[in-house]
Structure formats: structure tokens, C-alpha cells
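Structure first, then comments.
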Amino acid sequence: MESVLPGQDLWLRILEKVEIEVKRPHFLTWFQNTAILSFHDGLLVIGAPNIFAKDWLENKLGAQLLEAVKTVYPEVREIMIEVDPNLGLPEDLRGVDVTKFFAKEKKPRKLPGKQEVRLLEGISSKCINPKFTLQNYVIGPSNRLAHAASMAVGMSPGSIYNPLFVYGGVGLGKTHLLQATGNEILRNDPDKVVVYMTSERFTNEIVEAIGKRNSKDFKDRYRKVDCLIIDDIQFLANKDRTQEEFFHTFNELYDNGKQIIISSDRPPKELNELEDRLVSRFEMGMIVDVQFPDYETRLAILHAKCRQHEILIHAEVLEFIATNIHDSIRELEGVLIQAIAQAQLEHSTPTVRSVAKIIKKLGRDNLQGMDQQGSEVSRGLHSEEVIEIVARYFRLPSDELMGESRKNAVLLPRQVAMYLLRNELNLAYDQIGKEFGGKNHTTVIHACDKIDMRLKKDKNLLRDVNSIKKEMGL
Ligand code: ADP
Ligand code: MG
């Protein structure tokens, strides 16, 4: 019997049934980026982006899900859930973004296929994913310029910044930015034709066109395109024929005032395997980079993703993730999603310990905010120990250290203790305040800043703090 792909519309109709039955945070977490993969002989295969989602859907929902499926699609006798890690990748458009389609404020739903993107004869990839917007792109010093340039292009494509060239390392938000700019152009003018594709896809189209012997009018296909977005242009390296076609397409669009947006893992002048004439075209426009975000931006991104998933997570846990993930925003997001998924399976909330385990699986050791054995520094016990060690070191009773005295001989040790709890145990400010008999978090911030500053100048204090750290086994 023939396999058919029933597509997103059907899945959305099924999800509408399920949505009523399932608690909202669960629904948003577990159905995010799910899709129907195939239907064959009465068996409907549903794709989930990770094992946690699969487990939850099978174990917690099994029968209910089949019910919902059957009401919409009576031919189904059986369902099966399969993990497909590609679901949810920015390039993969099969998965349903439930946070968008099932947003709280009920906007009229736009079904995919009928979405903003207009289709053009002969071009098979127009993939703009509506989940990437310039509005949900968190801005920080690492990407401010890139965001501003994208916004300008989104408002007036084909005029000032043409081409727009965005470069930066893997997982730093290039694809998000490119797609968001495409969406912004469409938001401002739904009649515009925006085409997004990876350079691999572009290459495939050219190879196909060559195979069909109609490559000579390849560039004509793009005549009606108002904005052409090519992601990861570095993959055109050494593909001479593709570069040649791209060069002509580029010129055609450029000469007609159409917008071109390109991304790459490096700046144009380092694209050594690309023809010089192409590189010099790229240099005609605006070149911006995205860098790895600083701690504050990483934290802001985590908060934004929690809001997007309508999930509450302890500030301390988010701080722990932001402190320990150094390579990419994709990884940052991945750890967060896994943490949420796992915690929900276990009916708990993510803790520093559970998140640390996930990060360790990525091959990270030496996590900050963890003790030598790599287990979570148990807040209650260990903060008491630290206070005890500090008090002993300064020859004070620990209840005096935790008390109210403003005498310098007590105040300084107290501030050192707060500083160590913050920097070595990674406790949140308000948590530290609580440890010290309910002091305000601003007191703690002040204490930490003060010690931080003094350590830069005061050699004696530095020695004291280092000795205490040794006592703590650091
Ligand atoms: P790249 O294309 O550079 O490899 P992506 O655009 O695929 O990176 O980004 C990886 C993930 O991180 C995506 O899910 C994206 O939405 C998210 N992301 C990256 N930068 C930001 C940002 N500034 N704000 C919010 N999310 C971001
Ligand atoms: Mg990308």
C-alpha cells in the first residue's frame, strides 16, 4: 500500500483536540516540533524531536492521543511515536511550532501552506519559518549591530544594506536572524516574494537544472524574487559551477534593486575557496557579525525561552546553565529544553544537579558551581559549612558572622562569606540573603561587589580569601 504524508494541517487538527485534554505547559513542551511522519496500512507514525517527548507522549498520553487521532482521521488503527532529531532544527519545517499556533491570545490561525510565503514556479524552497522573528531575537552587545542591520533591511529591502552579509560561528543565531529578516519583510509587505535556502539546497537546484539541461535560464527563475536569502554560503566552496550561477543570479537581483542576504561562518575575505568576484560582491554591502553572547545575554536568552515555553525555572538553575555553556546558543537552548523535558517526566523541576548531568553528557567537566566530586553543592549543608569555615578563619563565632553587627571585624568576614557563596557555590543573591537571616539581596550584591573590588587591590584580603578557598577544598 502507498505511503502518504498527511501533512501539517491534519496534525494541527489533531492537536486542537489534544490541547483541550492536556495541561497547557505540558502541551507546549511535549508537542513542540512534533509532526506526522508517515501513514501506512492504518499505522500513523508521529515524530518527536527527542526521547523525552516520545516517552511522555507514549506513557502519559498513549490512549488519549490515539482517540484524538481517530476522531480526525478514522482510518488510523494504530499510532507509533518515533524520535527524529531533525524536527525542530531551524531548517526543518515539518515540526509544528505549538507555541505559535496555540498562542494564548487566540489569533486567527494561519495554516502552513497557506502562510505568508508566496510560491513561485520552478523554485522549490521558500522555507521561511514563522517562529523566527526579529522581535523574539534577544539583543546584546554580541549581536546588536547585526540585529539593527537586519531590522533596517526588513523595513526597506533592496535599498541601503545590499547585500547584507552576516557571519559568525555555529549556533550563534545566523539562521534565526536571516529567517527573521525574511519574516519582517513579509510582515511589512505580504506581497513580497522572499526565498530562503541553504547553499546546499541552492547547489542541488542547480545540479538538477543542469541535469534537465535548462540551466541557461536558471537565473530567470529568480526574477520575481524580492529577497533572496542564502544561508551558509561557505558550502559553495570549490563548487565552481554553482558559484558561477550564483554570481549571475546575484547580479540580476542586485541590478534590479532586489535584496540579497547571505550568511557564512567567516567574513567574506576569509572565504578563500570562493571566487574573488563573488567575494567582492559580498563586500559591496553591509557586513555584520554575530559573536558568542556574554553572560547577561545568555541569561536573557534563557529567560526568553522559558517565557516562550511558559515554563518557570529557578533563577539559580538558569544562571548555572548560562555560566557553564560556552559554545553556542543552540546548545544553551538544547540544555534548557532537555532540562524541562526530563524534569516533567520525573514530575519535578530542573535543579542544578539535574542540569549538571545533562551538561556533563555533552562532555563538559569542571562545571562551575559544583564541588570536587561533581555533585551539586547542597545548598543548606554546604553554605553552612562555608560560613563555618569563614568564621573559624576569622576566629569569630558563626552566629556572630550571621548576625547584625556592623563592626568592621565582623562585617568584612561576613562580606567574604557572601562573596564565596556567590562565586564558588553559585548561589543566587536572594538565597544568600536568606542564609544570613533574611538580609536583602541588595545587601548581598553590595557585599560581593565590594569584595570583588577590594580583591583587586588588597593583597592581604586576597591571601585570606585564597586560604579560605583552600579550606573549602577548592
Ligand atoms: P546558526 O545559524 O548561527 O548556527 P541558529 O540561528 O540556528 O544559529 O541559532 C541556534 C538557536 O539559538 C536557534 O534556536 C535560535 O532561535 C536561537 N538563538 C540564537 N540567537 C538568539 C537570540 N539572540 N535570541 C534568541 N534566540 C536565539
Ligand atoms: Mg544556521
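Heavy atoms only: backbone and side chains are in, while hydrogens, waters and symmetry mates are out. In listed order, ligands and their atoms are each counted from 1. Quick note: residue numbers are just sequence positions, from 1.
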Find out whether Asp232 and Ser263 are in side-chain contact, i.e. whether some heavy atom of one side chain is under 4.5 Å from a heavy atom of the other. yes
Is there at least one pair of N or O atoms, one from Ile301 and one from ligand 1, spaced under 3.5 Å apart? no
Nearest to atom 7 (O) of ligand 1, what protein heavy atom do you find, and at what distance? Arg330 NH2, 2.7 Å
Does the distance from a Lys or Arg side-chain N to an Asp or Glu carboxylate O, for Lys54 and Glu58, drop under 4.0 Å? yes
With the threshold set at under 4.0 angstrom, would you say Ala304 reaches ligand 1 through any of its heavy atoms? no
With a distance cut-off below 6.0 Å to the six-membered ring centre and an angular limit of 45° from the axis, does Arg277 pair with Phe247 as a cation-pi contact? yes
Can you pull out the closest protein heavy atom to atom 21 (C) of ligand 1? Residue, atom name and distance to 0.1 Å, please. Tyr137 CE1, 3.7 Å
So which heavy atom in the protein is nearest atom 23 (N) of ligand 1, and how far is it from that ligand atom? Val138 O, 2.8 Å
Among side-chain atoms of Asn136 and Thr133, is any donor-acceptor pair under 3.5 angstrom? yes
Are Glu273 and Gln234 close enough that a side-chain donor and a side-chain acceptor fall under 3.5 Å? no
Between Asp231 and Thr175, do the side chains contain an N or O donor and an N or O acceptor separated by less than 3.5 Å? yes
What residue and heavy atom of the protein are closest to atom 16 (O) of ligand 1, and at what distance? His176 ND1, 2.7 Å
Can a non-hydrogen atom of Pro293 be found less than 4.0 Å from any atom of ligand 1? no
Suppose I only count heavy atoms of Thr175 and a 4.0 Å limit; which atoms of ligand 1 are within that range? 1 (P), 2 (O), 6 (O), 7 (O)
How are the rings of Phe250 and Tyr254 set relative to one another: parallel (under 30°), tilted (30 to 60°) or perpendicular (over 60°)? parallel
Atom indices of ligand 1 within 4.0 angstrom of Gly169 heavy atoms, with elements: 3 (O)
Distance from atom 20 (N) of ligand 1 to nearest protein heavy atom, with residue and atom: Ile329 CD1, 3.3 Å
May I ask you to list the atoms of ligand 1 that are less than 4.0 angstrom from any heavy atom of Asn143? 23 (N)
Hey, is Lys305 one of the residues with a heavy atom under 4.0 angstrom from ligand 1? yes
Regarding Glu244 and His248, do their side chains bring together a donor and an acceptor under 3.5 Å, going by distance alone? yes
Sidechain N-carboxylate O distance under 4.0 Å for Glu275, Arg281: no
Taking distance alone, with no angle check, do Ile139 and ligand 1 share an N/O pair under 3.5 Å? no
Passes salt bridge (charged side-chain N to carboxylate O under 4.0 Å, His left out), Glu16 versus Arg13? Steps please. CA-CA 5 Å; Glu16 278 178 349; Arg13 272 192 282 142; over 6 Å; no
Is there a donor-acceptor contact under 3.5 Å from the side chain of Asn188 to the main chain of Gly154? yes
Nitrogen or oxygen atoms of Leu177 and ligand 1 under 3.5 Å apart: no
N or O pair under 3.5 Å between Phe132 and ligand 1: no
Check for me: within less than 2.8 Å of the Mg ion (ligand 2), which protein N/O/S atoms show up? Thr175 OG1
Salt bridge flag under 4.0 Å for residues Arg241 and Glu245: yes
Counting only heavy atoms, tell me which of Gly140, Ser142, Gly171 gets closest to atom 1 (P) of ligand 1. Gly171
Tell me, do Met418 and Ile451 make a side-chain contact under 4.5 Å, heavy atoms counted? no
In terms of residue, atom name and distance, what is the protein heavy atom nearest to atom 8 (O) of ligand 1? Gly173 N, 3.0 Å
Only heavy atoms of Lys174, strictly under 4.0 Å: list the atoms of ligand 1 that pass. 1 (P), 2 (O), 3 (O), 4 (O), 6 (O), 8 (O)
Any heavy atom of Thr297 closer to ligand 1 than 4.0 angstrom? no
Below 30° counts as parallel, above 60° as perpendicular, anything between as tilted: where do the rings of His147 and Tyr137 land? parallel
For Glu333, counting its heavy atoms only, list the atoms of ligand 1 lying under 4.0 Å from any of them. 11 (C), 12 (O), 13 (C), 14 (O), 15 (C), 17 (C)
Using 30° and 60° as the class boundaries, would you call the ring planes of Trp56 and Trp30 parallel, tilted or perpendicular? parallel
Hey, are Asp97 and Gln32 close enough side-chain-wise for a donor-acceptor pair under 3.5 Å? yes
